Structure formats: structure tokens, C-alpha cells
Amino acid sequence: MHWASTFAERIISERGEKKEYVCESGVTPSGFCHIGHFREAITTNLVAYALKDMGFKSRHIHMWDDYDRFRKVPANVPASYSEYIGLPDCKVPDPDGCHSSFADHFMEPFQISLADAGMKPDFLRASEQYKNGIYRDNIKISLDKKDRLIELLNSQRGGEKLSLDWYPVSVYCPKCGKDQTKVTSYDGEYGLSYSCKCGFEETADIRKANYVKLKWRVDWPSRWAELGVDYEPYGKDHGTQGGSADTGQKIIQEIFNKPPIIGVTYEFVSLKGASGKMSSSKGNVVLPSDILSVMEPDVLRYMFVKTKPSKELKIALDLDFLNVYDEFDRVETTYFSEEEIEKREKYDKLYEFSNIWGYKSLPAQPSFRFLSVIVQITSDIDRIVKILKKEGHIPKDLSETDLERIKTRAKLAANWVKLYAPDMIKFELLDTPPEVELTVEQKEGLKVISDLIQGEDLTDVELHNRIYEIATNLPIEPKKLFEAIYRVLIGKESGPKAAAFINVLEKDFVVKRFRSY
RNA sequence: GGGCUCGUAGCUCAGUCUGGUUAGAGCACCGGCCUUUUAAGCCGGGAGUCGGGGGUUCAAAUCCCCUCGAGCCCGCCA
């Protein structure tokens with residue numbers, strides 16, 4: 001069974017049958033939302049999908065923690081932003097001025113990427129929820145049970161313990177907007193007294209003061225309780241024992257009197273070859289949009305679908321990238337084939353959970369590997385399609401969706417070659433004959449090949465065989481002849497398989513080039 | 001110090017939850033394909049004490065205990 005379905009089963013059995021299951025993901029938009037945050041979302045989305053797949057209703061909610069405190073100025077943001085520290089992220093201005101807030105600046109591109117990858121969760125904002133007073137009751141409960149909270153949190157704390165003047169809330173000062181406030185007392189009813197560094201002080205009525213926020217460790221379980229969350233994944237930094245997920249599970253039971261949620265710790269995502277955690281300050285963040293610029297969304301999904309959350313995911317952008325694509329195509333082929341295979345169900349789920357287009361039959365599969373060669377020859381999509389057909393990579397008759405996919409892949413392949421392909425497979429077709437020293441035999445060989453291809457159309461295999469024949473007859477080492485071919489076409493000693501490569505190029509061009517030596 | 005994950009073929013991994021035929025896949029490698037495939041061919045092949053030790057069982061990669069090694073997390077950076 002697929003891991004997402006296993007979680008779905010667990011949710012149903014442990015939380016009982018419900019009308020609708022709530023699966024939550026959540027991110028603090030205090031910097032670029034990278035591919036690790038993407039795992040947060042898709043690990044939620046897939047389980048919500050699996051629940052539906054099993055015939056239950058489910059909802060994916062994505063919480064934007066935009067009411068969190070602006071803690072530190074990230075890299076790439078002016079140092080002057082230190083003046084905003086203490087404000088909630090939703091009140092800090094966008095450094096680039098393109099969004100209504102600092103938080104929005106990072107939220108929007110992520111939401112777009114999620115949509116591109118077939119995810120449209122219900123986006124919620126913590127700032128709005130607090131403004132609307134959704135957590136008012138939980139704030140009161142937390143204040144009432146403050147001592148129990150302290151006890152509970154202290155039992156998990158290693159170093160310094162919380163003292164009795166700790167309060168489970170922080171207050172964003174209504175005057176200066178910052179949370180540089182200190183709660184001085186709580187009257188046991190609704191009065192919360194505090195003073196701010198800016199000089200402001202008051203006794204707020206927690207029924208009305210919508211700028212009182214629960215502290216993170218309490219905020220999270222409060223949210224689970226209030227929104228009826230059944231399932232939420234979290235990164236390993238939260239998932240460690242004594243971490244916020246752990247204490248959250250205790251708090252939701254002991255403070256808010258609700259059963260624990262189904263949680264899952266997921267491993268980090270990184271680029272193959274990179275080490276360490278991604279962080280904006282290190283400048284090693286990979287955005288979902290970065291991957292989507294070279295990979296189709298269903299293939300991106302596939303990588304997460306096939307990797308259990310507990311496994312670290314290393315995304316390869318080097319040659320292994322092509323293997324992932326090949327693998328996806330194979331899974332797709334299997335899905336649409338009638339062939340009886342073992343683990344049919346598993347393969348089918350891999351594809352169903354990845355595919356976002358709802359294909360009814362096997363779509364054209366222009367090999368990404370082959371495209372990475374073709375796009376270096378031409379950017380003309382009609383010619384690319386022609387070549388793909390000629391070389392038997394795609395069917396003769398193409399539907400609109402087939403054509404769309406070919407166009408998309410060609411574009412992505414071109415991006416991949418430009419951005420990530422190793423030099424070894426990059427080449428440039430030379431417009432003019434390069435100056436190269438060739439032996440008499442090499443020149444003669446090229447001439448014979450040009451006569452040959454001008455006369456007739458040969459298949460790749462035929463041409464390949466003839467090149468060997470020509471070399472043997474001259475005689476010249478085949479290797480030398482191949483070298484000559486690559487030198488005069490792309491100025492390198494080696495290149496794409498010669499016969500197919502020649503067949504893919506314009507015949508007149510090749511003939512003329514081979515004869516110019 | 002506490003905890004998590006991982007250790008299965010040269011490499012990347014599946015299989016471990018629900019123990020059961022000769023432990024699988026991809027890549028790599030080797031061989032063959034009218035003496036012939038540079039990055040896109042087809043067919044075939046070899047290969048693993050399942051980190052080590054012990055236990056439970058008719059039966060262990062799978063469950064339990066111990067141990068070694070690698071990586072990672074630990075008070076709001078997934």
C-alpha cells in the first residue's frame with residue numbers, strides 16, 4: 001500500500017469515522033518558501049487525496065503563520081529592516097515593494113507553485129484568525145491553566161526552566177505594533193495587564209483584544225483543537241522528542257481536552273551533492289519554481305510520491321535527472337498498459353498520486369533525454385516534432401494534449417541544458433565550418449558520407465553501419481572518422497550518437513559542411 | 001546528554017508496519033546481436049554472509065535485545 005494510503009487508514013481508525021477529515025500544512029512566510037516547504041504541503045495534500053481515494057471527504061488547509069514575530073533580517077533584505085523586528089510578518093513592508101507585506105511577498109510565489117503542481121488547499125492566515133478572535137476561548141483556557149502549561153513544558157525542557165511569571169501569550173502592542181511587551185498579571189477573568197517598551201500599558205480585555213497571540217508551543221495545539229485538525233506533517237526539527245509537535249500533542253489533550261492528532265515527521269529535502277539544511281541565510285535555497293522550470297509538475301510530484309516522508313529526498317539536477325524522467329515515463333506506460341504485473345496496485349497509485357492532468361490513455365512520451373539533444377539543434381517546435389516522429393519517439397497522430405506535452409518538455413529540456421546539464425552533453429552546432437586539421441582519410445571519409453546521404457535516406461542503423469564500412473574501406477580507424485564528424489559539426493571530439501545526429505540535422509547543411517574540407 | 005532516520009548487488013534504492021516459494025528494480029558492468037553503435041538500440045548474463053551478534057519461531061532482510069557505522073534533529077528557520 002502507498003504510504004499516503006497507510007496514513008489515511010491510520011487517520012480513519014484512530015480518529016474514527018468523520019464527515020470530513022482536516023489535513024493541515026503550515027509555513028511561516030518569513031523568507032522564501034523553498035522545496036522543503038513544498039514537502040510540507042504535498043505530504044499533506046497526498047494524504048488528503050488518499051482519504052478521498054478511499055471514499056472519504058477531506059480538506060487540505062494551509063496555514064500561513066503570518067502573525068509570527070519578525071525575528072531577524074534575512075539575507076538580501078536591507079539591514080535597515082532591523083527597525084521592524086518585533087512586528088508580525090504581515091505588518092512588515094515588502095522590501096521589493098511588490099506586495100502588501102513582507103509575508104505576502106513570500107506567500108504568493110509559493111501559492112503559484114503549489115497550484116502549478118496541482119494543489120489548491122484552503123489558505124488560511126493566522127493574522128486574520130486572530131483578528132477575528134477565533135482563538136479567544138483557547139487564550140482564556142491557556143491563561144487559566146498557565147501553571148499546568150509551565151509544568152508540562154518544563155518537563156520537556158533541558159536547560160533553563162520557565163518561571164511562574166511566564167505567560168502563554170504575547171501581546172502585539174496596539175500603539176507601536178511590536179511584541180516588546182511584558183505581561184504583568186492576569187486577573188483570572190478577562191483582564192490581562194501588560195506594559196510595552198514603548199511606554200504604553202493597559203489592562204486588556206482578552207475578549208476584545210485581538211492583538212493577543214498564543215505563543216508557538218501553545219498556538220499550534222490550540223489551532224489543532226479549534227480547526228479540528230486530524231493530520232499534520234512537520235519537519236524533523238519539530239518532530240524531535242520534546243519538540244513542539246511532542247509538547248503540542250500533550251497540550252491538546254491536557255489543556256484543550258481533545259485527542260491527539262495524527263502527525264508525521266518528514267525528512268529534509270536537498271539537492272543531490274548539496275549538504276546541510278537549506279536556509280535563506282546560507283543562500284542555498286531551492287524554490288519549487290526552480291525545479292518547475294526544468295521539470296513537469298507531475299514528475300516533480302512523482303519524486304515526492306515515491307519517497308516516503310521518513311526518507312531524505314535528494315533531488316538530482318545532473319544526469320540522474322534524466323533517469324528520474326525515464327522512470328516516470330515507465331511508470332506511466334505501466335499504468336496505461338494491460339499487462340498483468342505484480343504490485344500493479346502500487347504502480348498505479350504512484351501514477352495516480354502524481355498525475356494531475358487526468359489523462360485517459362497513454363499520452364505521447366517524448367524522451368527528455370533525446371529532447372535534451374534536439375533542443376540544442378533547433379528551437380523550432382515543428383521541426384522538433386518532425387524529428388521526434390521520424391526517430392519513432394512519438395506516434396504519427398498527435399492529440400492537442402500530446403502536442404502540449406511535447407512543447408512543454410522541449411521548453412523544459414532547453415532550460416535544463418542551459419541551467420544544469422553537464423558540459424559533456426552540451427554542444428553548439430557551428431554555423432560556419434571551423435578551422436580544423438583533418439587527415440586526408442578523414443576528409444575523404446566525410447566526402448563519401450556526404451555522397452551517401454545526399455543520394456538516399458537511410459535509417460539510423462543503416463547509416464551507422466555504412467559509416468563503419470566507409471571507415472574500413474578507406475581505411476581509417478572508425479574512431480577517427482567519428483571524431484572528424486563531431487569536429488566539423490560541433491567542434492568537439494565526441495557528441496550525440498553520430499548516425500541519428502546526422503539524420504536529425506538538415507541534409508543540405510551536413511552535405512555542404514562535410515564537403516567543405 | 002536526549003531523540004530520529006538510515007545501513008540490502010559496484011552505485012541509488014524497493015521489500016521491513018501485516019514473518020513464509022530460488023531477496024527484487026534501475027543505473028553501471030560483462031557478453032551476444034552478418035568483424036559494427038561515443039550521449040537514443042535489442043537480447044542475455046554475473047553478481048548480495050540483507051552492517052555485526054544473540055534471541056523468538058516450523059520459518060527472520062522482516063519481530064525482540066545488544067552492538068558497530070553513517071547522517072540528521074533538539075526550546076518558532078520544513
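Predicted, not measured: the structure shown is a model, and the values here were computed from it. As a basis for the values below, the full set of heavy atoms in this structure was taken, side chains included, without hydrogen atoms, waters or symmetry mates. Lettering of chains follows the sequences in order, A, B, ..., and the numbering in each one begins at 1.
- For Tyr468(A) and His464(A), the gap between ring centers is short of 6.0 Å.
- Backbone-only engagement by Tyr234(A) is indicated by non-hydrogen atom pairs under 4.0 Å involving sugar-phosphate atoms exclusively.
- The aromatic rings of Trp220(A) and Tyr234(A) sit perpendicular, their planes meeting at an angle over 60°, well past the 30° parallel limit.
- Taking the six-membered ring for Trp and thresholds of 30 and 60 degrees, His60(A) and His62(A) have ring planes more than 60 degrees apart, a perpendicular arrangement.
- Residue-level contact check: Arg369(A) touches the backbone only, with heavy atoms under 4.0 Å from sugar-phosphate atoms and none from bases.
- For the residue pair Tyr135(A) / Glu226(A), no side-chain donor-acceptor distance below 3.5 Å is found, with atom types taken as modelled.
- Note on Asn323(A): nothing from the nucleic acid sits closer than 4.0 angstrom, heavy atoms only.
- Across the P atoms, rG53(B) and rU62(B) are found 12 Å apart, a figure rounded to whole Å.
- The gap from the C1' atom of rC13(B) to that of rU57(B) amounts to 30 Å, rounded to the nearest Å.
- Of the nucleotides present, rG10(B) is the one that pairs with rC27(B) by Watson-Crick or G-U wobble criteria, both distances under 3.5 Å.
- The nearest whole Å value for the distance from the CD1 atom in Ile262(A) to the P atom in rC17(B) is 20 Å.
- The CD1 atom of Ile502(A) sits 16 Å away from the P atom of rA39(B) (whole-angstrom rounding).
- Taking atom P on both nucleotides, rA61(B) is separated from rA78(B) by 41 Å, rounded to a whole Å.
- Residue Arg71(A) places a side-chain atom within donor-acceptor reach of the base of rC76(B), judged by atom type and a 3.5 Å distance cut-off alone.
- As rounded to the nearest Å, rG2(B) and rC63(B) have C1' atoms that lie 26 Å from one another.
- In this structure, Arg217(A) and Gly235(A) both approach RNA chain B, and ranking their closest nucleotides by distance from the 5' end singles out Arg217(A).
- Taking the six-membered ring where tryptophan is involved, the planes of Tyr335(A) and Tyr351(A) are tilted, since the angle between them lies from 30° to 60°.
- Heavy atoms of Gly36(A) sit under 4.0 angstrom from at least one base atom.
- Taking the six-membered ring wherever Trp is involved, the centroid distance between the rings of Tyr302(A) and Tyr325(A) does not fall below 6.0 Å.
- Remark: P of rU5(B) and CZ of Phe268(A) are 15 Å apart, rounded to the nearest angstrom.
- The aromatic rings of Tyr81(A) and Phe70(A) lie perpendicular to each other, with more than 60° between the two planes, well past the 30° mark.
- Annotation: rC64(B) and rU18(B) have their P atoms spaced 10 Å apart (nearest Å).
- Among the heavy atoms of the strands, none lies under 4.0 Å from Phe38(A).
- A close approach under 4.0 Å does occur between a side-chain nitrogen or oxygen of His37(A) and OP1 or OP2 of rA78(B).
- Here Phe427(A) lies out of heavy-atom contact (under 4.0 Å) with every strand.
- Residue contacts shown for Lys479(A) include a base, since a base heavy atom lies under 4.0 Å away.
- Nucleotide rU5(B): paired with rA70(B) (Watson-Crick or G-U wobble, both distances less than 3.5 Å).
- Among the heavy atoms of the strands lying under 4.0 Å from Ser310(A) are primed sugar atoms or P, OP1, OP2 only; no base atom is included.
- One can place OH of Tyr486(A) at 13 Å from P of rU37(B), the figure rounded to the nearest angstrom.
- Applying the Watson-Crick and G-U wobble criteria (two distances, each under 3.5 Å), rA60(B) pairs with nothing in any strand.
- In this structure, rC42(B) forms a base pair with rG32(B), meeting either the Watson-Crick or the G-U wobble geometry with both donor-acceptor distances under 3.5 Å.
- One C1' atom belongs to rG24(B), the other to rG46(B), and the distance between them is 16 Å to the nearest Å.
- Taking atom P in both rG48(B) and rA59(B), one finds a spacing of 25 Å when rounded to whole Å.
- Distance, Asp329(A) CG to rA40(B) C1': 13 Å, rounded to whole Å.
- Note: Phe368(A) and Trp416(A) have perpendicular aromatic rings, judged against thresholds of 30 and 60 degrees for the angle between ring planes.
- Nucleotides rC6(B) and rG15(B) place their C1' atoms 15 Å apart, quoted to the nearest Å.
- At a threshold of 4.0 angstrom between heavy atoms, the contacts of Lys308(A) are confined to the sugar-phosphate backbone, with no base atom among them.
- Going from atom CG of Leu463(A) over to atom C1' of rA40(B) covers 14 Å, rounded to whole Å.
- Using a 4.0 Å heavy-atom cutoff across all strands shown, Gly495(A) reaches at least one base atom of the nucleic acid.
- Nucleic acid contact for Glu391(A): base, since at least one base atom lies under 4.0 Å from a heavy atom of the residue.
- For the pair Ile490(A) and Gly242(A), both in contact range of RNA chain B, the more 5′-proximal nearest nucleotide belongs to Ile490(A).
- The side chain of Asp237(A) approaches rC77(B) more closely than any other nucleotide in the set rG26(B), rA40(B), rC77(B).
- The side chain of Phe482(A) approaches rU38(B) more closely than any other nucleotide in the set rA40(B), rA39(B), rU38(B).
- For the pair Tyr468(A) OH and rU38(B) C1', the interatomic distance rounds to 8 Å; values are reported in whole Å.
- Nucleotide rG26(B) holds its C1' atom 14 Å from the CG atom of Leu350(A), rounded to whole Å.
- At least one side-chain nitrogen or oxygen of Lys311(A) sits closer than 4.0 Å to the OP1 or OP2 atom of rA14(B).
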